[in-house]
*Asks:* 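Starting off with a structure, shown below.
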Amino acid sequence: MQTLAEGLRLPTNGLDYAILAIYFVVVLGIGFMARASVKTSLDFFLSGRSLPAWVTGLAFVAANLGATEILGMAATGAQYGVAVVHWYWIGAIPAMVFLGLVMMPFYYRSKVRSVPEFLLQRFDKSAHLLSSVLFAFAAILIAGVNLYALSIVVEALLGWPQWVAIVVAGLFVLVYITIGGLSSAIYNEVLQFFVILAALIPLTVLGLKRVGGWDAMSDSLTKQHGGDFMTAWGGTGIGDPNPLGANWLTIILGLGFVLSFGYWTTNFAEVQRALSAKNLSAAKRTPLIAAFPKIFIVFAVMIPGLVAAVIVPKIGTPDSDLTYNDAIPLLMQELLPNGVLGIAVTGLLAAFMAGMAANVSSFNTVFTTDIWQRYVVKDKPDAYYLRFGRLITAIGVLASIGTAFIAASFSNIMSYLQTLFSFFNVPMFVVFIIGMFWKRASMKSGVWGLVAGTAAAMINYFWIYKGGIIGIPSDQGANFVSAIVGFVAGAVVMVVVTLFTAPKPEAELAGLVYGTESPSPDEELEEADKAWYRKPALLGWGAIVLAAACYIPYSF
């Protein structure tokens, strides 16, 4: 298993450990306070659909801001340069806006408890069961990435044995989710959001100061890697070489459309936060509120990666014992004094627990409601499913420990995550988008679209790319191509299957397909307050315009 470099030991002292201990006490306290609100399975899995938009919005962005995001995106900055902004301004914001304005009304009005349950209503049981199994499997794999990221960081930085790091942090996540359900996870994610920022902002500021500011850093990296390293679009013409190994077409289609929309609109670890909102208006505003901090978080993860590339010019190469994943821990060791160091270590653990909790809480919901309750043990009292949800949470944490070792073969864990998204999220997205906008899409087209999309993405990655049949410059470039291939294959198969199978009766499509009327009235779901900041369309367009404006300084 790959670990952080042996030299990355942090000079932690009693003050740092005290900060860490206080954080763990607060986390468990939130879990116990949330327990009082958990009386039904709906309370456990969706917080009783009672949370305000600002809480669900911050939880939405924190659920994505896990240890894999921090370590992985800093690694991506060190490896590919300023091109990392694509994952935020084109690979997140438009899809988050689309989720809020277009897809959340479908999700929320249908009263589904999970994303796969929507496929049951739109298509049939086969599409529902396959999507549930694929999502549950992917959630455990991604939770395992968080465990792996945590274990290598804690082992190298604090000297804890790897198994101790996994057991301790996994136990805390297990306890506060099992006790307080989704409410505990969400309120802790709000806390974790601010703890993570408190860790990243000093690291970013001190890192820039260490290398002489942005201009000095830019000059140094340009000399090392060429001018395209410090631009977002430089060298992305078709056929032109660039650090990312992808051209503008694969960036826009593969990342900006297929991977991005596939992740943000169908990944239940994110959508679950919006479904827990108190009404439709709050559910629509959840991803839009999250979009604004998402625009600026890129600086707090990209700049440390760039700084690390200046401090250790050969980082990630065979000539160095440091991998790209070492960027954040390296700066923590080099720059932070005690106290601030304790906050930074706490921030990394908070990031791990945010990402881990998001995937575990979505896994237990899907496994309990979409697999166990519907196909294995039916028609039991609600208390039974509440108990089973807590049991499967423990099983999910244990299973994720096993999948943590799969991530060890990737020196950049963000590449591994993008690979998983191309396999599991993209096929689900194509089924959703066609099912939502094409009434004729038949009941059987959903399951075959999922099969074709998943198989095509895997064949492209493992056989065509890994087998060297077609040369693709990097893992990230291969992920973009795999996403496009999976999307196209799923769409084509859905159209072909639809031509030869029966459509769903139109009377059963109400509220599930764009342009059809919802069977339930919207008035009771909307808020009476018409203030401008509560209007989702204005929030959404504001986020897109702001993200587009941020591109201007990095375009050339």
Side-chain angles (χ1 to χ4, degrees), residues 2-10 65-88 145-146 148-158 196-197 199-212 214 216-218 220-221 224-225 229-230 243-244 297-336 340-341 343-345 347-352 355 407-408 410-418 474-476:
Q2 186 173 15
T3 60
L4 292 179
E6 283 297 318
L8 292 181
R9 288 286 192 272
L10 293 184
L65 193 61
T68 51
E69 171 89 358
I70 294 173
L71 294 181
M73 281 305 178
T76 302
Q79 184 173 3
Y80 301 121
V82 171
V84 71
V85 299
H86 294 312
W87 273 267
Y88 291 78
V145 180
N146 278 279
Y148 169 68
L150 171 93
S151 65
I152 61 174
V153 168
V154 172
E155 181 184 26
L157 300 186
L158 302 181
I196 292 166
L197 290 185
L200 290 178
I201 291 173
L203 205 61
T204 302
V205 173
L206 294 174
L208 277 176
K209 183 178 179 181
R210 168 70 178 270
V211 295
W214 178 270
M217 179 181 70
S218 181
S220 176
L221 292 175
Q224 293 177 32
H225 302 282
F229 196 79
M230 294 302 293
L244 188 58
I297 286 171
V298 63
F299 298 110
V301 292
M302 175 184 71
I303 291 176
L306 298 176
V307 170
V310 174
I311 295 175
V312 183
K314 295 185 181 297
I315 188 172
T317 68
D319 298 329
S320 173
D321 63 345
L322 297 175
T323 70
Y324 295 114
N325 289 332
D326 295 332
I328 290 285
L330 171 68
L331 296 194
M332 290 170 61
Q333 180 200 54
E334 293 273 330
L335 303 174
L336 299 183
V340 178
L341 187 59
I343 294 174
V345 173
L348 276 182
L349 293 181
F352 153 75
F410 287 78
S411 65
N412 184 337
I413 52 178
M414 189 51 63
S415 295
Y416 174 59
L417 282 178
Q418 297 292 324
S474 67
D475 283 346
Q476 291 289 14

*Asks:* Apply side chain to side chain contact (heavy atoms under 4.5 Å, CB included) to the pair Tyr88 and Met73, showing each step before the final yes or no.
*Replies:* CA-CA 10 Å; Tyr88 291 78; Met73 281 305 178; 3.3 Å; yes
*Asks:* Taking C-beta and beyond as the side chain, do Leu330 and Pro304 meet within less than 4.5 Å on heavy atoms?
*Replies:*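 Leu330 does not reach Pro304 side chain to side chain.
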*Asks:* So how far is it from Ile303 CD1 to Leu203 CG, rounded to the nearest 0.5 Å?
*Replies:*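 Rounded to the nearest 0.5 Å, the CD1-CG separation comes out at 10.5 Å.
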*Asks:* Kindly give the heavy-atom pair with the smallest separation between Gly347 and Ile196, and that separation in Å.
*Replies:*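 Scanning both residues completely, I find the closest heavy atoms to be O-CG1, 3.6 Å.
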*Asks:* Would you name the heavy atoms of Met230 and Leu221 that are closest together and state the gap between them?
*Replies:*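 Between these two residues, the closest heavy atoms are SD-CD1, 3.7 Å.
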*Asks:* Please lay out, stage by stage, how Thr76 and Val301 fare under the test side chain to side chain contact (heavy atoms under 4.5 Å, CB included).
*Replies:* CA-CA 9 Å; Thr76 302; Val301 292; over 6 Å; no
*Asks:* Side-chain contact, heavy-atom cut-off 4.5 Å: Leu206 with Val307?
*Replies:*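 Side chain of Leu206 against side chain of Val307, heavy atoms only: no contact under 4.5 Å found.
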*Asks:* For residues Gln224 and Ala309, report the shortest heavy-atom separation together with the two atoms involved.
*Replies:*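 Shortest heavy-atom contact: OE1-O, 3.5 Å.
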*Asks:* Closer than 3.5 angstrom, by distance alone: can the side chain of Ser218 be matched with the main-chain N or O of Trp214 as a donor-acceptor pair?
*Replies:*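 Answer holds: no.
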*Asks:* So do Trp87 and Met302 actually touch side chain to side chain, heavy atoms under 4.5 Å?
*Replies:*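 Of all side-chain heavy-atom pairs linking Trp87 with Met302, none is under 4.5 Å.
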*Asks:* In Å and rounded to the nearest 0.5 Å, what is the CD to CG distance from Gln333 to Leu341?
*Replies:*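 Between Gln333 CD and Leu341 CG, I get 9.5 Å after rounding to 0.5 Å.
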*Asks:* Give me the atom names and distance for the closest heavy-atom approach of Ile311 to Val211.
*Replies:*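 Closest pair (atom of Ile311, atom of Val211, distance): CG1-CG1, 4.3 Å.
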*Asks:* So do Phe229 and Leu306 actually touch side chain to side chain, heavy atoms under 4.5 Å?
*Replies:*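 A side-chain contact under 4.5 Å exists here.
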*Asks:* Looking only at non-hydrogen atoms, find the nearest pair between Val340 and Pro202 and report the distance.
*Replies:*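 Of all heavy-atom pairs spanning Val340 and Pro202, the closest is CG1-CB, 4.2 Å.
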*Asks:* Find the distance between CG (Leu200) and CD1 (Ile328) and round it off to the nearest 0.5 Å.
*Replies:* 6.0 Å
